[in-house]
Amino acid sequence: MTGKVKTQYVCESCGSIQSRWVGKCPACGEWNTLTEQAVSPVVPDRKRMAEQGWNAAPPPRPITDGSAEPPPRLGSGLEEFDRVCGGGIVAGSLMLIGGDPGIGKSTLMMQVSRHVARSAGAVLYVSGEESFEQSRLRARRLNALEPRLFLYNETLAEVAAEELRRGQYAFAVIDSIQSMQSAGVTSVPGSMGQVRECASTFLRVAKESGVPVAMIGHVTKDGVIAGPRLLEHLVDTVLYFEGESRHALRVLRAVKNRFGPTNEVGVFEMTDGGLVEVENPSAVFLEERPAGASGSVVFPAVEGSRPVLVEVQALAGEPHGGPGRRTVTGLNSGRVALTLAVLEKRAGIRLADRDVYVNVAGGVRIDEPAADLAVALAVASSCLDRPVPENLAAFGELGLAGEVRGVESAVERMAEAAKFGFDICVCPPLPKNRKKQAAGLGRPRTVTRLTEAIQNLLENGCVETNRK
Ligand code: TYD
Ligand code: MG
C-alpha cells in the first residue's frame, strides 16, 4: 500500500456522494459544490483518532444505572415556552428554533436569556448577525440589560464552543446557526456543510458541558430551515416559531422533542416591549369575528394538550363557467380540496366553477382533519349566503362518502366552545364512554352525515340571523 488516503467527493448542496470531482453535481445540478472528503477507514485507528481529539466512550452500562430523577430543567420565565419544551429547558440539550426572518426568534431567545441570567446563571448569547450595539438596543427594549447576559459577536463555531466550555454558563444561544462557520469546512456560511459541521460542534459542547444550547435557524421561502431540515435528526428539540409578521400573534410549536410531547403550542403576542404570553388564545382568535356574516364558523381546534377556538372563514364567488380557483390559508389545502369535493358530490353544492377562498382568521395554522366539518359549513354558508347561528361551533372529520367521523378530544372541544358561549356544537356522536362527561356542555347537535349538518343549519330554520 502506498498509504494514499482514499477520498470521495460530497456535494455541499444536496449531500450526494461522487467518486471523482466534477464541476457540476450530477444529482442536483449545482456548480462547484463538490468537496473532497477522506473515506473513513473501516478499522478505526484509535491511536490516531485520539491524537485528533477523539474521546473514547465509557464502557457499556446497564440501563438501571444512573439516577432515577428526571433531568434538571431550566425555567425560561415564559410559561408558554416551558410547556412547549415539556416543562423547561433540559440540561445539556441542543434545541433548534426555526422560523421566518423577522418573526421574532431573536426577541424570544433574548427574553429567555434575560430570565435565565436573572434567575439561574450566566448566559452566552452568540450573535453572528447583529453588532453588539444592535443586540444591546434590542435587549434594552426588552428590559434585558442583565449583568450576567454576555453578548459575543463571534462567527467561528469552534471559538464560540471553546468559550462555552471555558466559562461558567447556564445557557447559550446561537443566533443564528446559518451565520456561523467552522474552520474545518471551506464552503460559505449557511451552506449545508457549514450548518451541519457547526451544529455538531455545538452538539458536542452541549453534551460534554451540560450547558443547554439553543440554535436559531432561518427558514427559507420553500419552508425548510435553510439546510437545517438536516439538523432535525441531530438536535434534541425542534421548535418552530410561526405566525404572519403582519399579525401580532405568534405560535411556538414543538415538532420534535426528545424530552416531552410534540404538537404542544405556546401562543404569544408581539408588542412594543417584546413577546407577551397569551393565556386565553380563544378570546384573541375570536376577537374580531364579524357578527351575522355568512361564511364564518367557529372551530374548536386542539393544539397539543389544549383546545383553542379559531374562526374558519370561507368566501365562495359566483359561478363563472371557468374552473374555480382555490385559495387556502392556514389549513391543509389537500384536506380543503377533499372537503370541497365532498360538498359538491354528496351535498350537491355547486363549486367547480366558483372561486373559493378558505382562511383561518388570526394567522394561525390548523392541521387537523377535525376541521373538515367547520370548513364545509363555512363554504356552504357562504355559497348559500346564510350565516350560521352566532353561538355555533362545529368539528368532525369528513369521509369521502359524506359521513361525519369521530375525532379525538371531542369533550374537551365541546367544553372550550361552551366556555365561550358557543353552546350549539355540531359534531359527530360522542363515544359512549364520553357521553357522561359531556352532559351539560351546551346543546350538541350530533350529525352523522354532512347533508344533515347542512340541511339542519342552513335550510330548516335553525338559522338565527341578526340576533341581537
Ligand atoms: P426579531 O426577533 O429580530 O426576528 P427574527 O430574529 O426572527 O428575525 O424581531 C422581528 C420583529 O419584531 C422586528 O420587525 C421588530 C419586532 N419587535 C417588536 O415589535 N417589539 C420588540 O420589542 C422587538 C424587540 C421587536
Ligand atoms: Mg434575528
Side-chain angles (χ1 to χ4, degrees), residues 76-78 80-81 84-85 89 95-118 123-146 149-155 157 160 171-181 189-190 194-195 198-199 202 213-229 231 235 237-255 265-278 284 362-365:
S76 69
L78 297 164
E80 299 282 302
F81 187 92
V84 173
C85 295
I89 304 163
M95 306 170 86
L96 177 66
I97 290 106
D100 291 331
I103 203 75
K105 301 180 295 298
S106 302
T107 307
L108 178 70
M109 293 324 292
M110 184 65 90
Q111 284 181 238
V112 172
S113 302
R114 171 186 71 183
H115 179 83
V116 175
R118 256 181 219 171
V123 175
L124 183 66
Y125 196 106
V126 182
S127 179
E129 296 199 340
E130 290 170 344
S131 68
F132 184 86
E133 267 315 303
Q134 280 174 312
S135 301
R136 203 177 69 88
L137 275 177
R138 180 204 312 275
R140 200 170 69 187
R141 235 172 119 175
L142 297 172
N143 193 16
L145 297 180
E146 293 292 325
L149 176 48
F150 294 87
L151 283 179
Y152 197 24
N153 290 112
E154 176 58 67
T155 51
F171 180 53
V173 177
I174 310 299
D175 189 359
S176 62
I177 190 65
Q178 281 107 343
S179 66
M180 292 287 133
Q181 51 184 317
Q194 283 286 8
V195 165
C198 294
F202 292 119
V213 177
M215 304 185 298
I216 290 175
H218 297 297
V219 175
T220 49
K221 279 184 217 75
D222 46 12
V224 265
I225 307 191
R229 257 292 137 87
L231 291 186
V235 302
T237 306
V238 180
L239 307 181
Y240 277 89
F241 205 36
E242 305 172 338
E244 288 173 42
S245 29
R246 58 200 166 80
H247 281 114
L249 278 183
R250 301 283 183 276
V251 176
L252 184 70
R253 197 182 288 274
V255 296
V265 302
V267 182
F268 299 87
E269 193 173 351
M270 182 63 95
T271 68
D272 286 345
L275 292 156
V276 178
E277 297 176 79
V278 175
V284 177
V364 265
R365 211 191 138 72

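What you see below is based on every heavy atom in this structure, not just the backbone, and it leaves out hydrogens, waters and symmetry mates. First listed ligand is number 1; within each ligand, the first listed atom is number 1.
Protein heavy atom closest to atom 12 (O) of ligand 1, with residue, atom name and distance, is Met270 CE, 3.3 Å. Nearest non-hydrogen protein atom to atom 11 (C) of ligand 1 is Gly102 O, 3.6 Å. Looking only at protein heavy atoms, the nearest one to atom 21 (C) of ligand 1 is Arg141 NH2, 3.4 Å. For atom 4 (O) of ligand 1, the closest non-hydrogen atom of the protein is Gly104 N, 3.1 Å. Here the heavy atom of the protein found nearest to atom 25 (C) of ligand 1 is Thr107 OG1, 3.8 Å.
At least one donor-acceptor pair closer than 3.5 Å links the side chain of Glu277 to the backbone N or O of Glu80. Side chain of Glu269 to backbone of Ala248: no donor-acceptor contact under 3.5 angstrom is found. Between the side chain of Gln111 and the backbone N or O of Leu275, at least one donor-acceptor pair lies under 3.5 Å. Using modelled atom types, one side-chain atom of Lys105 and one backbone atom of Gly99 make a donor-acceptor pair closer than 3.5 Å. A distance-only check finds no donor-acceptor pair linking the side chain of Asp100 to the backbone of Glu242 [under 3.5 Å]. Panel note: side chain Arg250, backbone Gly104; no donor-acceptor pair is recorded below 3.5 Å.
Between Gln178 and Ile216, the shortest heavy-atom contact is OE1-O, 4.2 Å.
Taking 4.0 Å as the cut-off, Gly274 counts as a neighbour of ligand 1 on heavy-atom distance.
Among the backbone and side-chain atoms of Ser176, none of the N, O or S atoms lies under 2.8 Å from the Mg ion (ligand 2).
Between Asp175 and Met109 there is no side-chain heavy-atom pair separated by less than 4.5 Å. The shortest distance between side-chain heavy atoms of Met95 and Cys85 falls below 4.5 Å.
For atom 7 (O) of ligand 1, a protein heavy-atom neighbour is found at a distance under 4.0 Å. Under the 4.0 Å distance rule, the nearest protein heavy atom to atom 18 (C) of ligand 1 falls inside the cut-off. For atom 15 (C) of ligand 1, the protein comes within 4.0 Å by no heavy atom at all.
For Thr271, every heavy-atom contact with ligand 1 shorter than 4.0 Å involves the backbone, none the side chain. Contact annotation for Arg138 and ligand 1: only side-chain heavy atoms (C-beta onward) come within less than 4.0 Å of the ligand. Residue-level proximity to ligand 1 for Ser106 is carried by backbone and side chain together, each with a heavy atom below 4.0 angstrom. Of all the heavy atoms of Asp272, the ones lying under 4.0 Å from any atom of ligand 1 belong exclusively to the backbone.
Which parts of ligand 1 touch Gly273 is read off a 4.0 Å heavy-atom cut-off, strictly below it: atoms 22 (O).
No side-chain donor from either of Ser179 and Glu129 sits under 3.5 Å from a side-chain acceptor of the other.
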